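Report on one structure; see the data block that follows.
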2 protein chains.
Amino acid sequence: MKIKKNARPTMVDVAHRAGVSQMTVSRAISGKGYVSEDVKLKVEAAAQEIGYVQNRLAYGLRSENTHLIAVVLPSLANSVFTDVLTGITDAVTIHGFRPVFGVTEYSQESEEKLVQDLLSWRPYGIVLAGIEHSEATRKAIISSGIRVAEIMDVESTPISIAFGLSHKDAGKKTAEYMLSKGHRRFIYVGSQGGRDLRALKRFEGFIEALNEAEATLISTEISTLPSSLAGGLSVTEKILQSSDKPDAIYYANDDLAAGGLMYCISNGIRTPEDIALAGFNGLPFLDAFPIQLTTVRTPRYEMGWKAGNYLVDPSLASYPEGESCIDVGFELIKGDTC
Amino acid sequence: MKIKKNARPTMVDVAHRAGVSQMTVSRAISGKGYVSEDVKLKVEAAAQEIGYVQNRLAYGLRSENTHLIAVVLPSLANSVFTDVLTGITDAVTIHGFRPVFGVTEYSQESEEKLVQDLLSWRPYGIVLAGIEHSEATRKAIISSGIRVAEIMDVESTPISIAFGLSHKDAGKKTAEYMLSKGHRRFIYVGSQGGRDLRALKRFEGFIEALNEAEATLISTEISTLPSSLAGGLSVTEKILQSSDKPDAIYYANDDLAAGGLMYCISNGIRTPEDIALAGFNGLPFLDAFPIQLTTVRTPRYEMGWKAGNYLVDPSLASYPEGESCIDVGFELIKGDTC
DNA sequence: TGTCTCTGTGTTAACGTAAACATAAGCATA
DNA sequence: TATGCTTATGTTTACGTTAACACAGAGACA
């Protein structure tokens, strides 16, 4: 007779206590296969009594389904990505899956390592934020054979399917609206040292519209720091105190823009008369501002939800045949600042 | 000869290609045991060529160490918890561990299920936000035998060790400061329908100080919704327009308080002359406000970091013998609103 | 009555890895 | 030369689970 100290109970222990075979315990617990009602109750009672907890490692190894969904995000500091993660979590949890995430800090290099590492958990599917990845990352995912969904962006060729929006278009539409309000001289404010590729695409679309209208981009102010209200505030102060003051500022996102707006509110600077402002994301905290910022609202939770649903059960969502980019769209919030 | 279609390469496949045994591959890859330099290179090359990715399920099952750290949080919507999660992630990643999280939405019932589920992954350790748990949760964790760290709070008996702060004390200190500024008539504003136990503790300490000073708590306004700036703004508007206006408002957290402050800024209401305000958390976005909110700054990242470090290597941090609650403290930011 | 289907249960093997043990060569030391 | 230690590698087994197969009894139907 074997005696193990400190060992956690297994199905064999439950089986002994319930007076059945280990396989019957497996069937009773998983609900697969035939088990009589009284045996099932006996097994459940025995499991309860000895505090049996299933071992998902053994389950996953044998059944070849971990019920894990890997999630790769640039950051947790930005609520944009926690919204997405919440959407994914809600969607996959319903189907008995669990998200397991990692953070890249906007670096393709760390994304590569992270994906390798997450794949070693043999996830059922993987969600990548963004659509640009290193060749090694793409190769690793493709050869793993698991389902992939890319989110946030649709402006490139996805590995398999993408749920996102056109950032270039969002930038362009924002510029067109600002131009329509008569603004002609712009400054662009970015962050993350330009590593946020989606922000760059918005900027690209923005520039395109400026060029078409023959308007002027005076300069760009790109900090290497992460976005923050305080950062947006200080750069706005600097811009407004310079000799070559613009008509309007386009910020890479709402954190920066809200900082700018806060500067204006605090200093009695009228918007859009003295300066026009626009951001991106449509973050909910903007609702508390006395002045509605011009911005673009994005369906973040929805992108996560859709990607999660697609991964755990592609049949749930019937997408156009052959369509690999699902554009979830965006909404231009015209606001009071342009 | 076996032929498997679509199967992902294993150590056996690498072994064949490198002309060695599977065990040698295991040793070459894990770095444990003796492997000659040229064999190691051969194995690494073979692994690279066939795209070998380690199977963490098999690794964890056999080695009895998943290198997973389970993390239980109330929510991802509040940046307080993403700060904590980032601290945990940073700490454990260095030691080759990976966080795997779940969200309770402030419900002990869902915490119970979640913990059960996370334990089935056989994590090396678990972090729980908060120190109050159902008996079943405590029992499940204790009988699992894994390391536990509880964070955010120190005002109860932890299962093993807690890294947190005294919320009651924070509430009391805030009240004492407000009282010292001459405020006598208070309203408390909460959210989450009172399910945030730490907010309740702050309120308790707050009340205690009011009672000692024989000051008045006019009423409490507790919404069932999650905290938001917009929610804080609207309740503040309601309070300031009522006939029984208080001297001061104590908010459960900075989101609500910032909404209140925003209302004051937008409507030319002077603070603290017309109304005094105080919040809790010390969120960074407050730095962009023209008026510094009175609040309490908490070391969120640090709590996560310490808990993570403790779990993966308790010897790293030598804590006072027998001390089960590590108080990380807090800082009262006096600000301009009291 | 034979046999077919459905239900319930048990036995054996396998998932991919690392621990434990075995073996053997090389080399220094007694 | 015998002994013991270090290095390098292989073989066997076990981790806890589920898939696949086997089998037997009950009931239905020809």
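Naming convention: chains lettered A, B, ... in sequence-line order (proteins, then strands); numbering from 1 in each chain. Values in this document were obtained by computation on a predicted structure and should not be read as measured data.
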Aromatic ring pairing A:H67/A:Y59, orientation class (parallel under 30°, perpendicular over 60°, tilted between): tilted
Between P of D:dC15 and CZ of A:R8, the distance in whole Å: 16 Å
Donor/acceptor link under 3.5 angstrom from A:R62 side chain onto base of D:dT18: yes
Donor-acceptor pair between B:D38 and B:S36 side chains, under 3.5 angstrom: yes
Short side-chain to backbone donor-acceptor contact, A:R56 and B:L119, under 3.5 Å: no
Neighbours of DNA chain D within residues 47-56 of chain A, by heavy-atom distance under 4.0 Å: A:Y52, A:Q54, A:N55
What pairs of donor and acceptor atoms, side-chain ones from residues 13-27 of chain A against any protein atom, are under 3.5 angstrom apart with sequence neighbours left out?
residue, atom, partner, partner atom, Å
A:D13, OD2, A:T10, N, 2.8
A:R17, NH1, A:E49, OE1, 2.1
A:S21, OG, A:T24, N, 3.3
A:S21, OG, A:T24, OG1, 3.1

Nearest-angstrom distance from the residue atom CH2 of A:W121 to C1' of C:dC15: 16 Å
Length of the line joining B:L61:CG and C:dC15:C1', which is rounded to integer Å: 9 Å
Nucleotide C:dC15, atom C1' - distance to OH of B:Y59 in whole Å: 18 Å
Pair B:Q108-B:H133, side-chain donor/acceptor within less than 3.5 Å: no
Heavy-atom donor-acceptor pair, A:E150 side chain to A:I159 backbone, under 3.5 Å: yes
Terminal helix-axis angle for the helix from C:dT1-D:dA30 to C:dA30-D:dT1, with five pairs defining each axis and rounding to 10 degrees: 50°
Nucleotide D:dA8, atom C1' - distance to NZ of B:K42 in whole Å: 12 Å
Donor-acceptor pair, side chain of A:R98 and main chain of B:F101, under 3.5 angstrom: yes
Between P of D:dA14 and CG of B:L57, the distance in whole Å: 22 Å
Residues from residues 10-36 of chain B lying under 4.0 Å of DNA chain D - heavy atoms: B:V20, B:S21, B:M23, B:T24, B:R27, B:Y34, B:V35, B:S36
With B:K42 via side-chain contact (heavy atoms from CB on, under 4.5 Å) - residues at least two apart: none
Donor-acceptor side-chain pairing of B:Y301 and B:D90 below 3.5 angstrom: yes
Plane angle bin for A:Y124 and A:F97 - parallel if under 30°, tilted between 30 and 60°, otherwise perpendicular: tilted
Distance-only criterion, 3.5 Å: show the donor-acceptor pairs between side-chain atoms of residues 134-141 of chain B and protein atoms not counting sequence neighbours.
residue, atom, partner, partner atom, Å
B:S134, OG, B:E112, OE1, 2.7
B:S134, OG, B:T137, N, 3.1
B:S134, OG, B:T137, OG1, 2.8

